[in-house]
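Structure, as structure tokens:
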Number of protein chains: 2
Amino acid sequence: MKPCDTQDTGTCQRISEMLSRIGDKWTLLIVRELGQGPLRFSALKRRLGSISQKMLTATLRNLERDGMVSRTVTPATPPQVEYALTAMGHDLFRPIAALAEWTITHADAIDAARQAYDGQRAA
Amino acid sequence: MKPCDTQDTGTCQRISEMLSRIGDKWTLLIVRELGQGPLRFSALKRRLGSISQKMLTATLRNLERDGMVSRTVTPATPPQVEYALTAMGHDLFRPIAALAEWTITHADAIDAARQAYDGQRAA
DNA sequence: CCGGATCCTCGACGATACTG
DNA sequence: CAGTATCGTCGAGGATCCGG
């Protein structure tokens with residue numbers, strides 16, 4: 001029932017690792033873009049706007065290594081590289097969407113809690 | 001359907017923020033412990049083993065500020081402080097459990113993808 | 001027992017310049 | 001176009017000491 005209660009420590013760390021990956025600065029945004037269809041490197045970079053090439057490359061490498069994203073090179077001049085979500089990558093959407101929905105429905109309550117907490121400290 | 005597709009940028013950032021919080025080094029482990037019942041500061045620290053007091057305090061403060069955890073002080077010598085999940089904190093379990101389940105069922109596929117990726121680079 | 005204050009280390013991330 | 005390499009910054013997190 002609970003995320004880790006019945007799991008051994010290794011499995012729990014695994015879950016935490018997954019959360020860290022998705023919770024990092026760019027993964028969610030990249031997966032979001034690719035969720036709408038394959039994109040080339042530059043197109044992806046343009047859509048994300050403020051990301052550096054370094055981080056885009058690194059994040060894509062991680063996603064590729066974990067089998068979430070496929071990388072297809074089309075030999076040409078200039079070269080073309082297309083990134084797309086794999087089946088597993090798409091699958092990942094479902095549980096993330098659940099967490100997203102939870103966050104949206106609780107956003108007001110969280111804000112209220114923060115204001116209450118901060119207000120109390122000012123006194 | 002998708003986590004952020006239909007959401008404005010602010011909401012998407014909100015979701016990312018939530019993922020970062022849960023994905024940080026200690027939050028999941030702490031929430032996991034408190035999910036089984038309230039605990040005092042030292043007991044929590046003992047259970048987590050390798051955490052520093054600083055990080056335990058900081059993480060608990062964040063959770064308290066967001067309304068996920070309640071902090072109850074019992075005046076005494078020595079002082080007693082008990083931490084417990086709030087209703088909202090318990091609620092958080094559900095979407096996290098979904099992600100945990102996903103991770104467990106795909107763990108083997110991810111491992112295989114990593115080995116394939118790493119193996120190819122060695123050549 | 002609880003937790004604040006301080007110092008230090010280290011990895012994430014960004015900016016820039018360079019290559020096939 | 002799609003990267004790699006290098007450098008610098010900054011904050012997360014650990015260790016330790018101190019106070020209520």
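Note: hydrogens, waters and symmetry copies are ignored here, and every other heavy atom, side chains too, is used. Chain naming here is simple, since letters A, B, ... match the order of the sequence lines and numbering starts at 1 in each. The structure presented is a predicted model; accordingly, all values stated were derived computationally and were not measured.
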Notebook entry, point to check: How are the rings of Trp102(A) and His106(A) set to each other: parallel, tilted or perpendicular (split at 30° and 60°)?
Noted result: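 Ring orientation, 0 to 90° scale: parallel.
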Short N-O contact, [X] and [Y], less than 4.0 angstrom:
X: Glu33(B); Y: Arg40(B); value: no
X: Asp66(B); Y: Arg61(B); value: no
X: Glu17(B); Y: Arg114(A); value: yes

Next item on the list: Indicate whether any N or O donor in one side chain lies under 3.5 Å from an N or O acceptor in the other, for Thr27(B) and Asp24(B).
Entry: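 Indeed, the side chains of Thr27(B) and Asp24(B) share at least one donor-acceptor pair under 3.5 Å.
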Rounded to whole angstrom units, what separation is found between the [atom1] atom of [X] and the [atom2] atom of [N]?
X: Leu63(B); N: dG3(C); atom1: CG; atom2: P; value: 14 Å
X: Phe41(A); N: dT19(C); atom1: CZ; atom2: P; value: 18 Å
X: Leu48(B); N: dG14(D); atom1: CG; atom2: P; value: 11 Å
X: Gln80(A); N: dA2(D); atom1: CD; atom2: P; value: 7 Å
X: Leu44(B); N: dC1(C); atom1: CG; atom2: C1'; value: 14 Å
X: Lys54(A); N: dC1(D); atom1: NZ; atom2: C1'; value: 20 Å
X: Asp24(B); N: dA12(C); atom1: CG; atom2: P; value: 15 Å
X: Gln53(B); N: dA12(D); atom1: CD; atom2: P; value: 18 Å

Check: Between Trp26(B) and Arg61(A), who's closer to the 5' end of DNA chain D by nearest nucleotide?
Finding: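 Counting from the 5' end, the first nearest nucleotide belongs to Arg61(A).
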Notebook entry, point to check: OP1, OP2 of dG3(D) versus side-chain N and O of Tyr83(A): anything below 4.0 Å?
Noted result: yes
Next item on the list: Look at Arg46(A) and dA2(D) and indicate whether a side-chain polar atom (N or O) is within less than 4.0 Å of OP1 or OP2.
Entry: no
Notebook entry, point to check: Mapping Ser52(A) and Ser42(B) to their closest nucleotides on DNA chain C, which lands nearer the 5' end?
Noted result: Ser42(B)
Check: Considering only heavy atoms and no angle criterion, is a donor-acceptor pair shorter than 3.5 Å present between the side chain of Lys25(B) and the base of dG13(D)?
Finding: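 In this structure, the two groups form no donor-acceptor pair.
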Checklist line | Selected nucleotide, minimal atom distance to Arg40(B) side chain, candidates dA2(D), dC1(C), dC13(C) | finding: dC1(C)
